[in-house]
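Each remark here refers to the structure printed beneath this line.
Labels below follow one simple rule: chain letters A, B, ... track the order of the sequence lines, proteins then strands, and each chain is numbered from 1.
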Amino acid sequence: MKLQQFKESSPICESTPKIIAVDTETTGLRWSQDDYPFGISVAWYSNGKVETDWFEWNVDPNTRRVLYTDISIQFRDWYTNPEIDKIFANAKFDMHMLEKAFRIKPIGNVYDVLNAAWCCNTQENSYGLNNLAEKYLKIDQSETKILRDKVNKARNYCRSQYKHYKLGAGIGEDYWLLKCLDPTDNSCEIYGRKDAVRTLRLWREWYEEALKVLDVRETFETEMSTMMVIYEMENRGIRFFDVEAKDAVEELNQQLALRMLAIKTELQDPFLNINSDGQLRKHLYKKGQSLVHINRLPLPITKLTAKEKKPATDTTTLKQFDNVKVVKDILEYRGITKGKDALLNFQNHICSDAFSSAYDFPWVHAQKSIHANFNQISSQFDKENKTKTGRLTSSNPNLQNIADIAKSGGYFVVDTRKFFGPRRGYVWYCIDYSQLELRLFAERTGGKLKEAFLKGRDPHNETRENVPFLAAMEEGKGRKIAKNTNFTIINCGGAGVLAEKYGVPLHEGKIVVSQFKEEFKETVRRQKQAENYALKYGYIKTIFGRKVNVDLTRDKNGRFLYAYRATSYDIQGSASDIIKRAMVQTNSRLGYLRRKKKIDAHLILSIHDELIFEIKKEHCFK
DNA sequence: AGTTCACTCTC
DNA sequence: CAAGAGAGTGAACTT
């Protein structure tokens, strides 16, 4: 897909510009904790020429605190002027930083060039600002290299000469250091101004046009609306019971110590690292490694690892042998370690909230909260692989994969979910879609499955009744396999998946899948249809017309390796479209209720087909 | 210091 | 003829 180079127009800049690009330089990435912006760069067009401005504050090297004086009145005016469009690269981050430091939010249109790049669906090697600007605007990255080299040297210098300086964890956290050591050093300013220019020009000279040419402007607008909702959600955060978590960690540590001693004794290896699957493999599978015959080692090899084809030591495999004491201990050790690490990780993200403008009431500050990031592109910008289907991801910490003891298939799962909960005086409203993906699949296939939904019948029972092999089974068991089959079929899986993930014997799974495809011919037809579309265009379109790329790599025999995934992308992508729209619409309604009806309610979490709201108790139904 | 692999948790 | 999408960790390896 080739883009026409956008011909640069001559924007007219009277006293105030129509668009500005904004970039912040900060003391780190933890916007909800103790990192702050120390520099702001702005770029705009004036009579067709790019102009920039730069504001900077000193950073106390002993505390890393930014020594704020004042903020430019002109910047404040522009930032809050609804007539001026604001362009960012990774907008939420800069918005968080600016709100936190100066209590200002952008008013008017907010656009994110990195998100625009993602919407354009051109597969980039990197979605970082520098790389995009180099590729599309031929802007070199020399100043970045100079800055990083200088900062690297400065950090080393401080490590020996100014040991009391509080340096950051990485180079990126110490850009302020240059000015601190040498007030005449303006490398950071040059870098900052250039980043704002990159952002502005990428928008104006490339993506604004590209979105139109590639017919994804609507997709982009939805993403921007979603982004503003996510911004508020991140700002609100989620309550974390820090004291209880701390106690739990101590308890888990004691549990760990017991099992560690037992395992090391049982395997007669005082230096064993139980976290090392390599070391465990030797003990569990190699003859003569462990002398303690009561452990009945070595274990029979029942599964090999995917890449290296070594005997697997994962929980599902070892579970078969939990009648062997040391195996049981190892599984428990793993479960506890996982839970403990999760809690420690949450603790690293605890926010003291004293600064947060998300709270109107001072007593709320006494509670601890965690403000995870919710990402529309990916948690990392410098990598090739971005979110494929449009689902949101969560990071720092990931709140979308917190263990659920009610559902988990793990062996010894610590309930870490219970350390999150509603703030005092609030309740949670958890809303989740019923069979969102299966519904979409039924909509796409039509036929019996769609009919079942329309008539309000249970789709899993529909499958059970229509697949003779399942119909002949005991009802509860049949429905369970039917449910897993439905899910497996959506994602283009087969009998192998049913066997490995759900324990359905392979020969039975084969019968079930073939009978399903016989009875629900329309599903096969739809899958073929999606695949053919992907083969023709290189992408599929979701129900809202958003494009999702399909990898058309071939194997050495010329066969497409991943084209079969087209229908799975269609379903997952469409589902994410729906949840994003739900977020935008519910939040818009909540915004109205907050303003006009003094209803205190907020969206705080989005987990794929689930939205969680925090609502003041008195507003709720009795 | 950076990469790959095995592993584990989610929807 | 194939389950998909993610974040994150630690170990063991290479540079």
Aromatic ring pairing A:F419/A:F240, orientation class (parallel under 30°, perpendicular over 60°, tilted between):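 If you compare the ring of A:F419 with that of A:F240, the planes turn out tilted.
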Parallel, tilted or perpendicular: rings of A:Y537 and A:Y533 (30°, 60°): tilted
Residue A:D404, side-chain atoms from C-beta onward, closest of B:dT8, C:dA3, B:dT10: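 Closest nucleotide to the A:D404 side chain: B:dT10.
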Residue A:T387, side-chain atoms from C-beta onward, closest of C:dG6, C:dA3, B:dC7: C:dG6
Sugar-phosphate only, base, or nothing, as touched by A:Y502 at under 4.0 Å among non-hydrogen atoms: base
Sugar-phosphate, base or nothing in reach of A:T488, heavy atoms under 4.0 Å: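 Here A:T488 touches no strand at all.
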Check: A:R391 side chain, B:dC11 base, donor-acceptor under 3.5 Å: yes
Indicate yes or no: does [X] engage [Y] in a salt bridge with an N to O separation below 4.0 Å.
{"X": "A:K264", "Y": "A:D269", "value": "no"}
{"X": "A:K325", "Y": "A:D329", "value": "yes"}
{"X": "A:R281", "Y": "A:D277", "value": "yes"}
{"X": "A:R30", "Y": "A:E173", "value": "yes"}
{"X": "A:D570", "Y": "A:K541", "value": "no"}

Compare side-chain N and O positions of [X] against OP1 and OP2 of [N] and report whether any pair is under 4.0 Å apart.
{"X": "A:Y564", "N": "C:dG4", "value": "yes"}
{"X": "A:S395", "N": "C:dA7", "value": "no"}
{"X": "A:T393", "N": "C:dA7", "value": "yes"}
{"X": "A:S378", "N": "C:dA7", "value": "yes"}

ring-ring contact (aromatic ring centres under 6.0 Å, His included) between A:Y231 and A:H96, worked out: CA-CA 8 Å; A:Y231 175 77; A:H96 278 305; 4.3 Å; yes
Length of the line joining A:F381:CZ and C:dG6:C1', which is rounded to integer Å: 15 Å
Rounded distance (Å) that lies between atom C1' of C:dA5 and atom CD1 of A:I578: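 Rounded to whole Å, this separation is 17 Å.
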First of A:C492 and A:N398 reached from the 5' end of DNA chain C, by closest nucleotide: A:C492
Dot-bracket summary - DNA chain C, pairs being Watson-Crick or G-U whose distances fall under 3.5 Å, with | when paired to another strand: ...|||||||||||.
Under a 4.0 Å heavy-atom cut-off, which of [range] touch DNA chain B?
{"range": "residues 565-577 of chain A", "value": "none"}
{"range": "residues 431-443 of chain A", "value": "none"}
{"range": "residues 300-319 of chain A", "value": "A:T305, A:K307, A:E308, A:A312, A:T313, A:D314, A:T315"}

Geometric cation-pi criterion A:K448 and A:F520, 6.0 Å radius, 45° cone: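 Pair A:K448/A:F520 counts as cation-pi.
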Option from A:D432, A:I604, A:L603, A:L605 for which side chain to side chain contact (heavy atoms under 4.5 Å, CB included) with A:L611 holds: A:L603
Under 3.5 Å: donor-acceptor pair, side chain of A:E614, backbone of A:P422: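 Not a single qualifying donor-acceptor pair exists.
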Scan the side chains in residues 501-511 of chain A for donor-acceptor partners under 3.5 Å anywhere in the protein, sequence neighbours excluded, and list what turns up.
none

Any side-chain heavy-atom pair of A:T313 and A:Y285 under 4.5 Å: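 Side-chain contact under 4.5 Å: yes.
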A:F346 and A:F420 aromatic centres sub-6.0 Å: yes
Sugar-phosphate or base contact per nucleotide [nucleotides 9-15 of chain C; S, B, -; heavy atom under 4.0 Å]: --SS---
